[in-house]
Structures are given as C-alpha cells and as structure tokens.
Number of protein chains: 2
Amino acid sequence: MPNESEFLAEYDARSYAPVAVTVDVVALTIRDGQLCVLLVERAEHPFAGRRALPGGFVRVDEGPDEAALRELGEETGLRPGEGALQRVHLEQLRTYGKPGRDPRMRVFSIAYLAFAPELPDPRAGSDASDALWVPIASARKLAFDHDTILADGLDRARSKLEYTPLATAFVDDEFTIAELRQVYAAVWGEDLHAGNFHRKVLSVPGFVESTGHTAARGGERGGPKPKLYRAGDAKLLHPALLRREDDVR
Amino acid sequence: MPNESEFLAEYDARSYAPVAVTVDVVALTIRDGQLCVLLVERAEHPFAGRRALPGGFVRVDEGPDEAALRELGEETGLRPGEGALQRVHLEQLRTYGKPGRDPRMRVFSIAYLAFAPELPDPRAGSDASDALWVPIASARKLAFDHDTILADGLDRARSKLEYTPLATAFVDDEFTIAELRQVYAAVWGEDLHAGNFHRKVLSVPGFVESTGHTAARGGERGGPKPKLYRAGDAKLLHPALLRREDDVR
DNA sequence: TTAGTTGTTCTCAGCATGAGTAATTCTGTT
DNA sequence: AACAGAATTACTCATGCTGAGAACAACTAA
C-alpha cells in the first residue's frame, strides 16, 4: 500500500483541473402581498445586462452556508449580524453542475433558499445598488440556468410551508393570523379560507403563541383590531397544513 | 466595461485554487426485512480501514447525476443500463463542503440518495469486491463526515415514503401489498396495521395498480396467496401516507 | 351615521384515520 | 388427514380533521 504522502501527491495533480464552486441564493420575501425574489443585473460577461440570482465564489476559509449568508448580506446591503439579516432563514437547495452551464469553465453552484421578512430596498450607491426585489411573475429569462434554480426554489418553498412553520420567517416578530395567511396566499398563489386557516393555525401545537397584545388598529379597510402572535417553538407542523390537491400538481 | 477575454483571464487566475468536487452515494436497499446501506472499506489514506460511502470524483465530461450513477454501478458491479441498475431511483441529497472535512484538500461532496430493490452482493474479485451491504444499525463511525451524510439520507428517505410512491423502488416489478408494507416497516422502524395499510394503499390514486395475477404461493408461515400489483403512475401521494407524530421526532 | 370590510367563532356534513374483529385461505407439523 | 398458527382481505365503528358556509362584532373610510 502506498503511503500517505504518495497519495497526497497524486491528489494535487488531479486537483488542478479548472473547477470553481460558487453559491447562488434564491432569496424570497413578500412585498405588497406579492412574492418577490432578489435579483442582480449582471455587469460582466457572460450574460451582461441579464438578471441573475445573487451569488459568488466560496472562499477557501468558509463553508457554503457562510458563503451564502455573506453573499446575501452583500447584495442586500445589510451587515451580517445586523437586525433583519439575523431573522432570515437560510437552507441549502441543491447543487447544479452540468458541464457547460457556465461557458467560461466548469462551475458547480450550490444553490441556497432564503426566506426573509420585508427587507428595505438595497442601498443605492453601495455595492448592492444593482440588486432589486422582483415579483416572481416577472423573474424570467435569467442568466445561466438560474430559471431552473428559481423554479426549484419556489417548489421547495411552497412545500416547506406545508409542514414547517417557515411562514413565520416572512413576517415581523409580532404578527397577526391574517398576515400569516397572506404569506400562504402569496407563496401558494391561492386564497385561503380565513376561518379554517385561523382554526388550523391555533390548533397546531407550537406554530404560534399569543403575545397578549392587540394591534394598534384594524385593517386598512375596516375590521376589528386583530390579536398579535409570535412564532412558536415547533420545527415541524403536526398535523401539517396541506395544500389542496389540485394546487400541488 | 472590460471585454470578455479580459474577464476570462481573470477567471483562470481564480480557478487554480486546489478544489475538488466528488459525489458520495447513500444507496439503500432492503435485505431480509432490514434496511441496508452500501459501504466500501477504504484501502487508502486517509481513514484507511474505515468504512465509507461509495463515491469518487466528478469527471470533466459528466454531470453530478451521471457521476453518481457511474459510481453506484462501479461499486455494485452492475453495468449501467444493466437490468437492476435501471430500476434504482437516484436523487440529489445535498452538498457538504465545510473546510477541513477532508484532511487532504478542499473537497465539496455532492451527496446522492439511491433506492434499490434487493440487489445481488457486489461481485467478489471485481473492483467492487470491497463493497458490501450493511444494516443501518451497524453503519457507524464512517470515514470523513459520512455519518452525518448517512443520517441526512435516512431522514430524507423516511419522509419521502410519506408523500411519494418511492417505496415501490425497493420492491420487484410485481409485488404484494404486504411486501410494500414491509418496506415501510423497515424504513420507518415500526410495524404498521396491516388492514389499514391495505385500505390506504388501494385508496390513494396512482400508487399501485392491479396486475390481475396472484402470487404462486402464500407466505412462508401460511396465509392465502396474495394478489400482485405494480407501481402506478403517481409521482406524489394524495392524500399522503403519514407517520404517526411520535415517530417523526 | 352608514356601508363595507375584516377578525373570530360556530356549525355541519364528509372524509380519513386508528383500532379492532372476522372470514377465508394457506403452510408446516403432528 | 387433520390441526394450529399465520397472513390476506374485508368489514365496522368511534374519533378527529377538513372544507364550506354563516353569524357576529369591531372597526375604517366616506
């Protein structure tokens, strides 16, 4: 059996194949009741002028998770550890690595999915000035294979709402049941029965807990002052909040 | 704006960081009612003598999916396109890339999950002679971070049985309801109520379809000759076949 | 004040589930 | 040849969850 140093030598030889590993982030938020994704306009070749998911190289000293959070912070203009950025939920989606997906060289892209409450517009004049929130209906013809990545991310987001309390990542710390319902409506693209949703949310253990507070005022067009809730400690919803069969398609 | 060739030059400079991309496969099958995973014994440094998930480098001319299928074929001794290997279901699990997870260099490993019907033992004397099926209870202390990858794979497999017809990937082309039930029992590690399972499987549209045939003989210890079914065309089970809440934990 | 909207709670029928029972058909053994 | 044990399949029944609709009160905008 060869010794360890011989193996390391063989390794180094193989490793010099020109391979890059990047992260791309599908960052979702809800603005004005619409599900939106964070996109950047590419200034560089290839696909200059086209929109793309924010992303970049994974540095030698960081893991993919850290790289994704860093990229998200850079593009939104929020500092890591800064308020709103701490509330985002980040999870790995999947990795895309077919030969030819980047015309420059072999690139493996680890895609991430981020759920954020309503964030401020990326700061003008900063590095992030080219980033913007785009309603998903308008997010088409993206650079590289980012259309596919976005579609996969939306699929994942829609099904995660069913069996996890992730909808709470889209709203503020204190929220009303109606706000939570609007998250489901925006992500699933369908209206939900207000009464049944109310009953369901309150009956699933650990989904939400009461704050005892009441909102300062009712809805814009009327209605009583709703009660306020915060996220519970459940990681999984039991029983789940399932979509209607026709919508799953 | 710089032109494209200037960008390509900048790219080449960055790309020579010593980075490798591999695939690792969590291949599951059921043998004698036990859920088993395919493992190889490492002959080389590091972790020589320890067991590990089968895997290897993604070649320059292939995508990650192809690489995973090729590795699985090499380790099981089955040729691609050869009978049993065509029936395996293969899906990407997630990518592991924390610095230091491989002591030699920076390695990103794209993990795959494979579901296979009972496969023959890897051929002795072939390249795959060091591979073997191990009951998951005995698959511990694996090389690298493969314990984590295996655990993630099992989580995924268990929850996929709930809402997809993937259990049919563990059985032969024609199977009985009882065989299907034993798949669930083995993967979830709990016994299921035979009557309710029967009713449920037949009531979910597209899960199984009748072949009209009947098994040649009853169970080993008695019982009538069961009817035979084949997998239906559903990709998702509606309504899902949910685990009891206590088991999800 | 009025009209319209919304939060919240009920009611009710339908469906799915978990648990148990029973008829029937086998296999292996006495 | 008979028997015991076991497995498939089909039931029943009580319970709980769901979707749909209705009711009521609280509130906003006009």
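Residue numbering restarts at 1 for every chain, and letters A, B, ... go by the order of the sequence lines. Bear in mind that the values here come from a model prediction, so they are computed numbers and not experimental data.
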Legend entry - Upstream residue (5' side of DNA chain D) when B/N196 and A/R217 are each assigned their closest nucleotide: B/N196
Legend entry - Upstream residue (5' side of DNA chain D) when B/L228 and B/G223 are each assigned their closest nucleotide: B/G223
Legend entry - DNA chain C: 5'-proximal contact among B/K200 and A/I177 (nearest heavy atom): A/I177
Rounded to whole angstroms, how far apart are [atom1] on [X] and [atom2] on [N]?
{"X": "B/E220", "N": "C/dT27", "atom1": "CD", "atom2": "C1'", "value": "10 Å"}
{"X": "B/H238", "N": "C/dC15", "atom1": "NE2", "atom2": "P", "value": "18 Å"}
{"X": "A/Q182", "N": "C/dT5", "atom1": "CD", "atom2": "P", "value": "15 Å"}
{"X": "B/R181", "N": "C/dG18", "atom1": "CZ", "atom2": "P", "value": "15 Å"}

Judged by atom type as modelled, is there a donor-acceptor pair below 3.5 Å linking the side chain of [X] to the main-chain atoms of [Y]?
{"X": "A/D147", "Y": "A/K141", "answer": "yes"}
{"X": "A/S109", "Y": "A/A111", "answer": "no"}
{"X": "A/H146", "Y": "A/L53", "answer": "yes"}

Which is true for [X] with a 4.0 Å heavy-atom rule: it touches a base, it touches only sugar-phosphate, or it touches nothing?
{"X": "B/A215", "result": "nothing"}
{"X": "B/H198", "result": "sugar-phosphate"}
{"X": "B/R199", "result": "base"}

Legend entry - Aromatic plane relationship, B/H89 with B/F115 - under 30° parallel, 30 to 60° tilted, over 60° perpendicular: tilted
Legend entry - side chain to side chain donor-acceptor pair (under 3.5 Å) between A/Y96 and A/D152, worked out: CA-CA 11 Å; A/Y96 300 81; A/D152 290 349; 2.5 Å; yes
Legend entry - Contact check, side chains of A/Y112 and A/L69, non-hydrogen atoms, under 4.5 Å: no
Inset, instruction - Walking along DNA chain D from 5' to 3', note the first and the last nucleotide with an atom under 4.0 Å from a heavy atom of chain B, and give both. - result: D/dG5 to D/dT12
